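Written out below as structure tokens is the structure these notes cover.
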Amino acid sequence: MSLLAKLFGGGKKDQVPSPAEAIQRLREVEEMLLKKSDFLEKKIGQQIATAKKHGTKNKRLALQALKKKRRFDQQLQKIDGTLSTIEFQREALEDASTNTEVLKVMGVAAKALKGAYNNLDVDKVHDLMDEVAEGNEIAREISDAISNPIGFGQDVDEDDLMAELEELEQEEIEEHLLDVNGPATEDLPSVPISEPGRRKPVVKDDDEMNDLAAWAS
């Protein structure tokens, strides 16, 4: 049985392994080849030690050791190439498995999304949004109508109101002045006030007045 047949079910055409099963088998073969690689590296080390041991003393044994070492090197190179191929296939299968799972989830999500909107009609949605907009417009108009005062004070001239307000303010100022100054005193005599710098008339004594009266008589 070949290696590939061992990996993928012994040539059974009816049974196709899943990506997870193929990945697991590749990991098992990869582990087996790694163990064989370690074994060959040890054998190569032993043959090198044997060739050094005999050296020029026993060339035949030394040459045989080097020949074995070269065969082990060739096997090791083949195993390294096979490991590289298996690693590449394993990574490709892992990516494929991941992508498959992602696509499955996306398919389920797409079906769920389609089912969520299955009972919705686009035209009905547009009609509904038009009704909502119309209802908002009606509500705005009603609100504006309610907040606008009806009939009271709309025809009043503001200039007349300002003139009336000024008259009331003037009356209040006059009443305030009357309260401060008290009642009017129209009948009280005026007090003479002498002008500044004007001299008072000189009054003569009694003798001079008597002499003047006798002369006049």
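Start at 1 with the first residue, then count along the sequence. Values below: every heavy atom of this structure, side chains too, minus hydrogens, waters and symmetry copies. Note that this is a predicted model, so its numbers are computed, not measured.
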Problem set entry | I86 side, atom CD1; I79 side, atom CD1 - distance, nearest 0.5 Å | 10.0 Å

Exercise. Where do K67 and R70 land on the side-chain contact (heavy atoms from CB on, under 4.5 Å) test, with the steps shown first?
Worked result: CA-CA 5 Å; K67 288 180 181 179; R70 187 162 296 179; 5.7 Å; no

Exercise. With sequence neighbours left out, which residue pairs that include part of residues 124-136 fulfil the salt bridge (charged side-chain N to carboxylate O under 4.0 Å, His left out) condition?
Worked result: none

Exercise. Which pairs pass salt bridge (charged side-chain N to carboxylate O under 4.0 Å, His left out) with one or both residues in residues 88-99, sequence neighbours excluded?
Worked result: R27-E94, E30-R90, R90-E94

Exercise. Is the backbone N or O of K78 less than 3.5 Å from a side-chain atom of T82, with the two atoms forming a donor-acceptor pair by type?
Worked result: yes

Exercise. With sequence neighbours left out, what residues match D73 under side chain to side chain donor-acceptor pair (under 3.5 Å)?
Worked result: K69

Exercise. Are any of the side-chain heavy atoms of Q64 and L61 separated by less than 4.5 Å?
Worked result: yes

For this session: To the nearest 0.5 angstrom, please state how far the OG1 atom of T98 sits from the CG atom of L103.
Result: 11.0 Å

Exercise. Where do G55 and A62 come nearest, in terms of heavy atoms and distance?
Worked result: O-CB, 3.8 Å

Problem set entry | Interatomic spacing from CD1 in I44 to CZ in F39 - rounded to 0.5 Å | 10.5 Å

Problem set entry | Single-linkage hydrophobic cluster, 4.5 Å side-chain cutoff, V105 and L113 together | no

Problem set entry | side-chain contact (heavy atoms from CB on, under 4.5 Å) evaluation trace for Q89 with L26 | CA-CA 8 Å; Q89 283 186 324; L26 286 173; 3.9 Å; yes

Exercise. Taking only residues two or more places apart in sequence, or in another chain, which ones meet E137 in a side chain to side chain donor-acceptor pair (under 3.5 Å)?
Worked result: R140

For this session: Mind checking side chain to side chain contact (heavy atoms under 4.5 Å, CB included) for L63 and listing every partner two or more places apart, or none if nothing turns up?
Result: none

Problem set entry | Minimum-distance pair of heavy atoms, taken over all atoms of S97 and P19 | CB-CB, 4.0 Å

Exercise. Out of curiosity, does L66 fall in the hydrophobic cluster containing L76 (side-chain heavy atoms, cut-off under 4.5 Å, transitive links)?
Worked result: no

Problem set entry | Separation of E171 CD from H176 NE2 (nearest 0.5 Å) | 15.5 Å

For this session: Look at the side chain of N118 and the backbone N and O of K114, then say whether any donor-acceptor pair between them is shorter than 3.5 Å.
Result: no

Exercise. Between E21 and P17, which heavy-atom pair has the shortest distance, and what is it?
Worked result: OE1-CA, 3.3 Å

Exercise. Say you draw a straight line from CG of L33 to CG of L83; how long is it, rounded to the nearest 0.5 Å?
Worked result: 5.0 Å

Exercise. Restricting to pairs with a member in residues 38-60, which pass salt bridge (charged side-chain N to carboxylate O under 4.0 Å, His left out), not counting sequence neighbours?
Worked result: none

For this session: Kindly compute the distance separating CD (Q170) from CD (E175), expressed to the nearest 0.5 Å.
Result: 11.0 Å

